[in-house]
Number of protein chains: 2
Amino acid sequence: MARVTLQSIAERVGVSRMTVSNAFSRPDQLSDALRERILAVAAELGYLGPDPSARSLATGTTGTIGVLWAKELRYSLADEVSARFLGAVADELAPSGLALTLVPAIAEGSVVPARDVAMDGAIAFSCDPELPALDWLQRRGLPVVYVDMAAPRGGVAITIDDRGGARAAARHVVALGHRRIALFTSGFGDEPGPTTGQLLPEAGRIRVIAERHAGWLEGLDAAGIVPLWVNQPNTYADAREAARAMLAVPDRPTAVLCLTDVLASSVMAAAADAGLGVPGDLAVVGFDDHPLALRSRPRLTTVRQDVEAKGRAAAQALLALVAGRADVTLSRPRSRRLPVQLEVRGSTSGGVQLDR
Amino acid sequence: MARVTLQSIAERVGVSRMTVSNAFSRPDQLSDALRERILAVAAELGYLGPDPSARSLATGTTGTIGVLWAKELRYSLADEVSARFLGAVADELAPSGLALTLVPAIAEGSVVPARDVAMDGAIAFSCDPELPALDWLQRRGLPVVYVDMAAPRGGVAITIDDRGGARAAARHVVALGHRRIALFTSGFGDEPGPTTGQLLPEAGRIRVIAERHAGWLEGLDAAGIVPLWVNQPNTYADAREAARAMLAVPDRPTAVLCLTDVLASSVMAAAADAGLGVPGDLAVVGFDDHPLALRSRPRLTTVRQDVEAKGRAAAQALLALVAGRADVTLSRPRSRRLPVQLEVRGSTSGGVQLDR
DNA sequence: CAGTCTATCTTTACCGGTACAGACTATAGC
DNA sequence: GCTATAGTCTGTACCGGTAAAGATAGACTG
């Protein structure tokens, strides 16, 4: 299959290659009559439109933006919250005709995707700031928007008020009178269950984890409460084992604050398995307001974030950065911190009235 | 920021441009000493490695493969099952250094991603076979693997036994003695709730829908049962309204077979809202064996598919196709239909023993 | 010591487009 | 009638690499 190129069409029609190029890319540069003739010949020859790579080389733009993922995609995408974020980004980008490339931050083999994948810009999503891949993005001079992580100096970050939300969650259970409170989270290694260990440094660099922990502690410290830390290894496995271990400790906690709704959901399942009533025996609070939160019985009290708004904000900021490279008169997009909202539902209130 | 190119490095070191290229791409083509010198100069000048677009143009490969999505990504990715499929594909591809580009099948504006995005191959995931985007992929001569959809003649398809699974689900509830059975699905338009309408043509072309419906009917027809069709508009909204309407009909069904676990989960929530016991008042069967199925109380009887195996199979088939283009002696990968398995749990059995 | 390798580097020729600066009309304005 | 102006089209010069074959020289073979 000999490839049909601009050149072959040009020869057939009897015009210059440039004119054929314009027929596709800049219709205003030639007469309609000629354009139609060119397009007809192109169709006849089976021309597929300008070659993406060649155009990309010539113009310096690729038509795709990358999303840098820290974790293995298997895990990240399995999480509905991350996936919805990605979906919102993709949809916000679609009208501009930009596709979205998933770029693994962790290199396997010699290919370094953050260096070798063609893209016009990138969104770094909840990455360890020390990842070499981030360096590559910057060295390439690509516009980058940082989501759920700190931006380097001058960078654009889109975050949510993780700390405030976690603090509100902690205050909520404290206000309900709970004193034995567990913090159900990740980042303490591979052992599921209650832990007295240190948060792993790499986990501490994940902003979402660090900030939610900080918020919880702010809320608990004020009441002089020392929490029970419970670890869930950061894999895709069901968190029920860790939850079971938590519920088996002497002086079992009466309330548990969870890093995410997905973890909270497993906690609720474990509570049911153990014959414990929620919220009567155990109050549970999640984070994210995942669809799970509404599907669970009782409905889950949680800190709502608008993950789709976050995705849209990130996409818009990145679009502005990409456009700003071409037109320096445009103002740079600003970092934003989106608000969160504590949603009190049946998993803590117990009152049917609040459970709608 | 003047770009550092191979040429500038070559001049600085005093060798040909080709040698510099080889220093990066084919280390065996030059002496180690020279290579080190070149890399040193490259580092000093801030060279970032070969430009992806230029390399892509010269070699004819892009280092990315596309995944064609029919629905808006916002919806597709929000579904944990789709998302896990995508994650499995991405992880299977990662060792080959291939990135993954999400390609919207529905064009917005003049850009046709399936035509304009650079890629080495594509996975079409549960698309309407009549989508123009599929044509573009074929006209480009790209290797394509079709997942959860029929492949065109000679194409490679990875599917699951949707029909057999649905049939097993139907037989299961029939065997339990149910006679008033609802089929909770999508594809009948925008009205939620029981319907007597026709399945929309575009929905009928979605293999997953068509096959699961066919399987259900095979199972019910054998028992002479006429089901109640219940429609859930194909949006991201919670399906509880449709479920509520279903439970409000006179002669309320005693069993409901659902297109997916996500829908089943909403049905169970609606049952709880209506004060109905599962499985006592209403038996519920899902499809997919989504993590939800295990988290729900009672646990959801469902048809298990291994979505990650599906993703891996698709990725492997595509890798084989891509490799086969270069080396025609390789055998073409074959279409596969992966098995499914009915998982009987508490939402139909009622027996505690089966609910573990 | 001629002949043949092998390793190393260079030369030539693309890959398939687009940007930008003319050049050549035809029309309009005065 | 002569010059602006706009509308079309062409020519040239890149974009930044890689493939494949050729050149050169020292090592090895018999």
Side-chain angles (χ1 to χ4, degrees), chain A residues 1-39 41-42 45-63 111 115-120 140-141 326, chain B residues 1-39 41-42 45-63 111 115-120 140-141 326:
Chain A
M1 163 183 77
R3 229 181 142 71
V4 187
T5 67
L6 284 186
Q7 185 64 57
S8 56
I9 298 174
E11 284 163 8
R12 193 82 130 66
V13 180
V15 295
S16 78
R17 188 170 41 140
M18 197 60 233
T19 300
V20 180
S21 171
N22 283 334
F24 284 95
S25 307
R26 302 169 62 175
D28 56 318
Q29 294 297 301
L30 70 171
S31 65
D32 286 354
L34 180 56
R35 172 155 196 259
E36 301 244 320
R37 201 147 58 86
I38 291 175
L39 294 183
V41 171
L45 263 46
Y47 182 66
L48 305 169
D51 179 89
S53 300
R55 163 180 268 174
S56 162
L57 175 58
T59 60
T61 66
T62 66
V111 247
R115 161 163 59 85
D116 297 332
V117 172
M119 48 186 153
D120 292 337
R140 282 175 71 175
Chain B
M1 162 184 78
R3 230 184 142 69
V4 187
T5 68
L6 285 185
Q7 185 65 56
S8 55
I9 299 174
E11 284 163 8
R12 192 82 130 67
V13 180
V15 294
S16 76
R17 184 171 43 142
M18 195 62 231
T19 300
V20 180
S21 172
N22 283 335
F24 284 95
S25 307
R26 300 166 64 174
D28 56 318
Q29 294 296 300
L30 71 171
S31 66
D32 286 354
L34 179 56
R35 172 156 197 259
E36 301 245 320
R37 201 147 57 86
I38 291 174
L39 294 184
V41 171
L45 264 47
Y47 182 65
L48 305 169
D51 178 89
S53 299
R55 164 178 266 174
S56 163
L57 176 59
T59 61
T61 66
T62 64
V111 245
R115 162 164 59 86
D116 297 330
V117 172
M119 48 186 153
D120 292 338
R140 282 174 68 175

Hey, does S56(A) reach any base, or is it just sugar-phosphate, or nothing, if we go heavy atoms under 4.0 Å?
->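 S56(A): no heavy atom of the nucleic acid under 4.0 Å.
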Would you indicate what F24(B) reaches in the nucleic acid, counting non-hydrogen atoms under 4.0 angstrom: base, sugar-phosphate, or nothing?
-> nothing
Value in whole Å for how far the [atom2] atom of [N] lies from [atom1] of [X]:
X: L57(A); N: dG17(C); atom1: CG; atom2: P; answer: 12 Å
X: D51(B); N: dG17(C); atom1: CG; atom2: C1'; answer: 14 Å
X: L6(A); N: dA19(C); atom1: CG; atom2: P; answer: 12 Å
X: L30(A); N: dC24(C); atom1: CG; atom2: P; answer: 20 Å
X: D32(A); N: dT8(D); atom1: CG; atom2: P; answer: 8 Å
X: I38(A); N: dT8(D); atom1: CD1; atom2: P; answer: 13 Å

Residue of the set V20(B), D51(B), I38(B) for which side-chain contact (heavy atoms from CB on, under 4.5 Å) holds with L6(B) |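 The side-chain contact (heavy atoms from CB on, under 4.5 Å) with L6(B) is passed solely by V20(B) among V20(B), D51(B), I38(B).
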Enumerate the residues from residues 8-17 of chain B whose closest heavy atom to DNA chain D is under 4.0 Å, giving them by residue number; use none for an empty result.
->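 R17(B) - these, ordered by number, are the residues of the stretch whose heavy atoms sit under 4.0 Å from the strand.
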Identify the two heavy atoms, one from T62(A) and one from S56(A), that lie closest to each other, and give their separation to 0.1 Å.
-> CG2-OG, 3.7 Å
Which pair of heavy atoms, one from R140(B) and one from D116(B), lies closest together, and at what distance?
->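 Result for this residue pair: NH1-N, 4.2 Å.
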Considering heavy-atom distances to DNA chain D, does R35(A) or A54(B) have its closest nucleotide positioned more toward the 5' end?
-> R35(A)
Rounded to the nearest 0.5 Å, what's the gap from CD on Q29(B) to CG on L34(B)? Could you check?
-> 12.5 Å
Side-chain atoms of T19(B) come closest, of dG16(D), dT10(C), dG17(D), to dT10(C)
Distances under 3.5 Å only, N/O to N/O: pair up the protein atoms with those of nucleotides 19-28 of chain D.
unit_1, atom_1, unit_2, atom_2, d
dA19(D), OP2, R26(B), NH1, 3.0

Residues that S8(A) engages under side-chain hydrogen bond (donor to acceptor under 3.5 Å, both in side chains), provided they are two or more places apart =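 Scan of S8(A) (side-chain hydrogen bond (donor to acceptor under 3.5 Å, both in side chains), adjacent residues dropped) gives none.
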Distance check: side-chain N/O of Y47(B) vs OP1/OP2 of dG16(D), anything under 4.0 Å?
-> no
